[in-house]
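This chain uses plain numbering: 1 for the first residue, then up along the sequence.
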Amino acid sequence: QVQLVESGGGLVQAGGSLRLSCAASGIIFSINHMGWYRQAPGKQRELVAIITNGYKTNYPDSVKGRFTISRDNAKNTVYLQMNSLKPEDTAVYYCNSEFRGIMYWGQGTQVTVSS
């Protein structure tokens, strides 16, 4: 049974920081690419950050320089460090795994940034 469980969301003021965690089970974590996505009201789900099984990372311009994705294969956990948060970062954040086209999703964690 595959499970991706996000944690660390919450309410923070603009300019603040949060660190999200995603603990995975039921997959061979080290060979999976991992990603964070978010979905805000009225918007499509969008990619926030990816980290490959080879530790390569990529970010869209909207978060580049503010967010950092990392992984700890020994803990089967991927993280998203979010700094300098803006109200437009408010969304449900989802953890994703991918290997050979097979993807799994977490249940999501709410991040709310107040102005």
Side-chain angles (χ1 to χ4, degrees):
Q1 184 177 1
V2 175
Q3 289 192 62
L4 303 177
V5 181
E6 302 97 333
S7 62
L11 175 64
V12 65
Q13 294 185 28
S17 298
L18 284 173
R19 190 178 79 154
L20 306 183
S21 299
C22 171
S25 60
I27 63 170
I28 305 174
F29 184 83
S30 61
I31 68 172
N32 274 260
H33 311 307
M34 303 300 298
W36 287 96
Y37 293 72
R38 68 187 181 189
Q39 188 164 24
K43 294 185 177 181
Q44 291 188 317
R45 187 172 298 188
E46 65 174 345
L47 178 69
V48 176
I50 56 171
I51 183 165
T52 71
N53 57 16
Y55 293 89
K56 296 179 180 177
T57 61
N58 201 11
Y59 309 88
D61 289 342
S62 59
V63 308
K64 193 173 298 181
R66 300 188 298 121
F67 291 9
T68 303
I69 189 170
S70 62
R71 66 191 295 160
D72 186 339
N73 288 350
K75 296 181 178 179
N76 286 358
T77 300
V78 62
Y79 305 94
L80 184 68
Q81 179 67 46
M82 304 186 293
N83 298 327
S84 301
L85 283 162
K86 304 174 180 180
E88 51 263 45
D89 295 318
T90 295
V92 178
Y93 283 70
Y94 297 91
C95 179
N96 166 267
S97 69
E98 190 273 330
F99 181 70
R100 298 283 177 90
I102 304 299
M103 292 184 290
Y104 296 98
W105 296 89
Q107 80 289 345
T109 185
Q110 177 71 47
V111 171
T112 302
V113 184
S114 63
S115 60

Legend entry - Same apolar cluster: Tyr37 and Phe29, side chain cutoff 4.5 Å: no
Inset, instruction - Mark yes or no for whether His33, through its side chain, and Asn53, through its backbone, hold a donor-acceptor pair below 3.5 Å. - result: yes
Inset, instruction - May I ask you to test the Leu80-Met34 pair for a side-chain heavy-atom distance under 4.5 Å? - result: no
Legend entry - Derivation of the side chain to side chain contact (heavy atoms under 4.5 Å, CB included) call for Arg38 and Glu46: CA-CA 6 Å; Arg38 68 187 181 189; Glu46 65 174 345; 2.7 Å; yes
Inset, instruction - Using only heavy-atom distances, determine whether the side chains of Asn96 and Glu98 contain a donor-acceptor pair under 3.5 Å. - result: no
Legend entry - Ser115 vs Glu88 side-chain heavy atoms within contact, under 4.5 Å: no
Inset, instruction - Please examine the side chains of Tyr59 and Ile50, heavy atoms only from C-beta on, and report whether any two atoms are closer than 4.5 Å. - result: no
Inset, instruction - Check whether any side-chain N or O of Thr77 sits under 3.5 Å from a backbone N or O of Lys75 as a donor-acceptor pair, and report yes or no. - result: yes
Inset, instruction - Give a yes or no on whether Ile51 and Tyr104 share a hydrophobic cluster (residues Ile, Leu, Val, Met, Phe, Trp, Tyr; joining criterion: side-chain heavy atoms under 4.5 Å apart). - result: yes
Legend entry - Ile28 atom CD1, neighbour heavy-atom count above 12 within 6.0 Å: no
Legend entry - Hphob cluster co-occupancy, Val78 + Val2, side-chain heavy atoms under 4.5 angstrom: yes
Legend entry - Note, Tyr94 side chain near Gln39 side chain (heavy atom, < 4.5 Å): yes
Legend entry - same_hphob_cluster(Ile69, Phe67) at 4.5 Å side-chain heavy-atom cutoff: yes
Inset, instruction - With the side chain counted from C-beta on, respond yes when Leu4 and Ser97 share a heavy-atom pair under 4.5 Å apart, and no when they do not. - result: yes
Inset, instruction - Please answer: with hydrophobic residues joined when any side-chain heavy atoms are less than 4.5 Å apart, are Leu47 and Ile102 in the same cluster? - result: no
Legend entry - Any side-chain heavy-atom pair of Gln110 and Thr90 under 4.5 Å: yes
Inset, instruction - Evaluate side chain to side chain contact (heavy atoms under 4.5 Å, CB included) for Val63 paired with Trp36, printing each intermediate quantity in order. - result: CA-CA 12 Å; Val63 308; Trp36 287 96; over 6 Å; no
Inset, instruction - Decide yes or no for Tyr93 and Val48: does some side-chain heavy atom of the first lie under 4.5 Å from some side-chain heavy atom of the second? - result: yes
Inset, instruction - Rounded to the nearest 0.5 Å, what's the gap from CG on Asn32 to CG on Asn73? Could you check? - result: 10.0 Å
Inset, instruction - Flag the pair Lys86 and Asp89 as a salt bridge only when some basic side-chain nitrogen lies within less than 4.0 angstrom of an acidic carboxylate oxygen. - result: no
Inset, instruction - Answer whether the closest heavy-atom distance between the side chains of Leu20 and Thr109 falls below 4.5 Å. - result: yes
Legend entry - Donor-acceptor pair, side chain of Arg66 and main chain of Gln81, under 3.5 angstrom: no
Legend entry - Donor-acceptor contact present, side-chain Ser84 to main-chain Gly15, <3.5 Å: no
Legend entry - Between Gln107 and Glu6, a side-chain donor and acceptor under 3.5 Å: yes
Legend entry - Whether over 12 other heavy atoms sit under 6.0 Å from Lys64 NZ: yes
